[in-house]
Student: 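First, the structure itself, so that you have it in front of you.
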Amino acid sequence: MTPIFPGSVDAAGQRATLGVLGGGQLGRMFVHAAQRLGYFTAVLEPDAQSPAGQVSHHHIQTDYDDSAGLAQLAHLCQAITTEFENVPAQALQTLALTRPVAPSAAVVGIAQNRIEEKAHFAACADVSGVTCAPYAVIETPAQLQAVQDDQADLLPGILKTARMGYDGKGQVRVKTADELAAAWAELGGVACVLEKMLPLTAECSVLIARGWDGKVVSYAPQRNVHVEGILAVTHAYEGNMPPALATRAREAAVSIAHHLGYVGVLCVEFFVVEDGSEHGGLVVNEMAPRPHNSGHYTIDACDASQFDLQVHAMAGLPLPQPRQHSPAIMLNLLGDVWFNTDGQLQEPDWYSVLSLPGTHLHLYGKLEARAGRKMGHLTVTGPDVASVKTVARRAAELLSLPGLDAI
Ligand code: ATP
Ligand code: MG
C-alpha cells in the first residue's frame, strides 16, 4: 500500500480524498479526523441530512448498493472505509476492485453475522485464549426443536438475530423452551443464535488498529456499562478493571485481529463473568469492524483518537502507539435527554453542563431526538479519576442520565 498523503494531488489532478460508506455519527467523526489532517472527504449515504453527510466535502446520496453511487465514490476517493457494519459486504467488494478498502468485505461479512463471528472466535480461541458464551445456532425448526430437547442448559438465554442487530435490537431474553419458540417466531424465524445468559460482573471492550503491513497498536480496555442493552457509560482510566484481566483482553483482541488479517480499526467487546467459572473470567462477546461508541473518549483523552487511527490505517500512514493523557468517563446522550418527565420536548441544560471543568460535548447533528436514539456524547476528562467521577456524576444528574450509580 503506497501511502496517500493528505494535501497531495494525484496524476489526474485530484486532491487526496478519503471515502466512507455510511453517514452516521461514526462517519461524521471520521470525516472530522480526516479533514483535520488535510484530506478531502466523501460520504455515501442515502439520508439527505445525515451526521456525516452534513460535514463532508462530498455527499453521494444513494443507497449503499447503488452501482452508480459506488462508482462515483471510487472515482472521487483514493481509499475507502465503512462506518456502518451493516453496509452490504458486496458494496465493499465492488469498491475493492478499484480502490484500497479497509476493513475488507470479507472481515466485515464475518462481523455482520453472529454465526460466522462466533465461528471465527472459536477458530482462534487457542491463540486468543478466550471463548464466547455457550450458544446454539437456530436456523431451522429442527434446530429449534433440538435446542428445546437437548440444550436446556442454554436457558435462561438471549435469542439474537444473526444479522442486523445493534444496541440490543433483534434480541429477546428467554427463560423457557416455550418462550424460546415464541421469541423465534416473533423474530420472524430468521437465522439466530441462542446464547446462554451469563452472570456478568462487568463488560469491557478493546480498540485496536492494524495497518496494511500487519502492525498493530491498541488502547487499554475500557469498562462499559449498558442500560437496557445500550451503552450508557464508559470508564477509561487506569484501574478501571483488574490489570491481569485488562492485559488478557488486550492480547486477545490483538490476536483476533491478526487472525482475521484485519486492516483498520477493530473493536472487540468482552464480558467479565464471575470468577471461578469455566471461562476464566473473560468471555468474548462480539466485534465491530470500525471505531466504536466505547472509544469516543479517545478524541478528548488521547493523543490520537480511534478516528485518527482509522484514517492512518486506511491511508497507509504510520500507526504510532496512542497515549492516553487524561483519565476519562464518557456518557452517552440518548434522545431521552431532550424530553422532560411529562414527555415534552426540552432543551438540555447545556449551560450548566458546559460550565463544569473538563466536559467535552459532541452532538451528532441529528435533527430529531427520539427515545433511545444516540444523539451525542459527553466526555469528561480531568487531572485524576476522583475529579473526573465527580464531574461526570454532576453532569449525569443535570441531564437525568441513566447509569448514575455506575459512575
Ligand atoms: P451493540 O451493537 O450496542 O454492541 P448488540 O445489539 O450487538 O449491541 P450485544 O452486544 O450482543 O448486542 O448485547 C447487548 C448487551 O446485552 C451486552 O452488552 C450485555 O449487556 C447484554 N448481553 C448480551 N449477551 C449477553 C449474555 N450472553 N449474557 C449476559 N448479558 C448479555
Ligand atoms: Mg455489543
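For ligands, and for the atoms within them, numbers begin at 1 and follow the listed sequence. Keep in mind that what you see is a predicted model, and the values were worked out from it rather than measured.
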Student: Looking only at heavy atoms, which two atoms of Leu399 and Val337 are closest? And how far apart?
Tutor: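 For Leu399 versus Val337, the nearest heavy atoms are CD2-CG1, 4.0 Å.
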Student: Tyr364 and His377: aromatic ring centres closer than 6.0 Å?
Tutor: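 When the ring centroids of Tyr364 and His377 are compared, they turn out to be within the sub-6.0 Å range.
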Student: N/O of Arg114 under 3.5 Å from N/O of ligand 1, yes or no?
Tutor: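 Indeed, backbone or side chain, Arg114 has an N or O that close.
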Student: Below 4.0 Å, non-hydrogen atoms only: which portion of Met164 touches ligand 1? Side chain, backbone, both or neither.
Tutor: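 The answer is neither; Met164 stays 4.0 Å or more away.
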Student: So which of His226, Glu203, Arg173, Glu269 gets nearest to atom 17 (C) of ligand 1, if we judge by its closest heavy atom?
Tutor: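 That would be Glu203.
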Student: Any atoms of ligand 1 less than 4.0 Å from a non-hydrogen atom of Gln171? List them with their elements.
Tutor: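 With Gln171 as reference, the close atoms of ligand 1 come out as 5 (P), 6 (O), 9 (P), 11 (O), 12 (O), 13 (O).
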Student: Which atoms from ligand 1 have a heavy atom of Ile158 less than 4.0 Å away?
Tutor: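 Answer for ligand 1: 22 (N), 23 (C), 24 (N), 25 (C), 26 (C), 31 (C).
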Student: Measure from atom 14 (C) of ligand 1 to every heavy atom in Pro156, Ala288, Gly229, Cys132 and give the option owning the shortest one.
Tutor: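 The residue whose heavy atom sits nearest atom 14 (C) of ligand 1 is Gly229.
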Student: Decide if the gap between the ring center of Tyr237 and the ring center of His235 is smaller than 6.0 angstrom.
Tutor: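 Close enough - the centres of the two rings lie under 6.0 Å apart.
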Student: If you measure from each heavy atom of Tyr135 to ligand 1, is any distance below 4.0 Å?
Tutor: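 Heavy atoms of Tyr135 never come under 4.0 Å of ligand 1.
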Student: Side chain to side chain contact (heavy atoms under 4.5 Å, CB included), that's the test. Do Thr81 and Phe30 meet it? Break it down for me.
Tutor: CA-CA 10 Å; Thr81 188; Phe30 162 78; 3.9 Å; yes
Student: Measuring from atom 23 (C) of ligand 1, which candidate in Met197, Lys160, Glu195 has the nearest non-hydrogen atom?
Tutor: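 Checking each option, the heavy atom nearest atom 23 (C) of ligand 1 is found in Lys160.
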Student: If the threshold is 4.0 Å, N to carboxylate O, is there a salt bridge linking Lys160 and Glu195?
Tutor: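 Counted as a salt bridge, because a side-chain N and a carboxylate O are separated by less than 4.0 Å.
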Student: Is ligand 1 under 4.0 Å from a heavy atom in the side chain of Asn285, in the backbone, in both, or in neither?
Tutor: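 Just the side chain.
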Student: Heavy atom under 4.0 Å from ligand 1: found in Leu200's side chain, backbone, both, or neither?
Tutor: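 Within the 4.0 Å criterion, Leu200 contacts ligand 1 through side-chain atoms alone.
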Student: Do any N or O atoms from the side chain of Arg99 and from the backbone of Gln78 form a donor-acceptor pair under 3.5 angstrom?
Tutor: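 Looks like no, no N/O pair under 3.5 Å.
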Student: For residues His296 and His362, establish whether the separation of their ring centroids is below 6.0 Å.
Tutor: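 Ring-ring flag for His296/His362: false, centres at least 6.0 Å apart.
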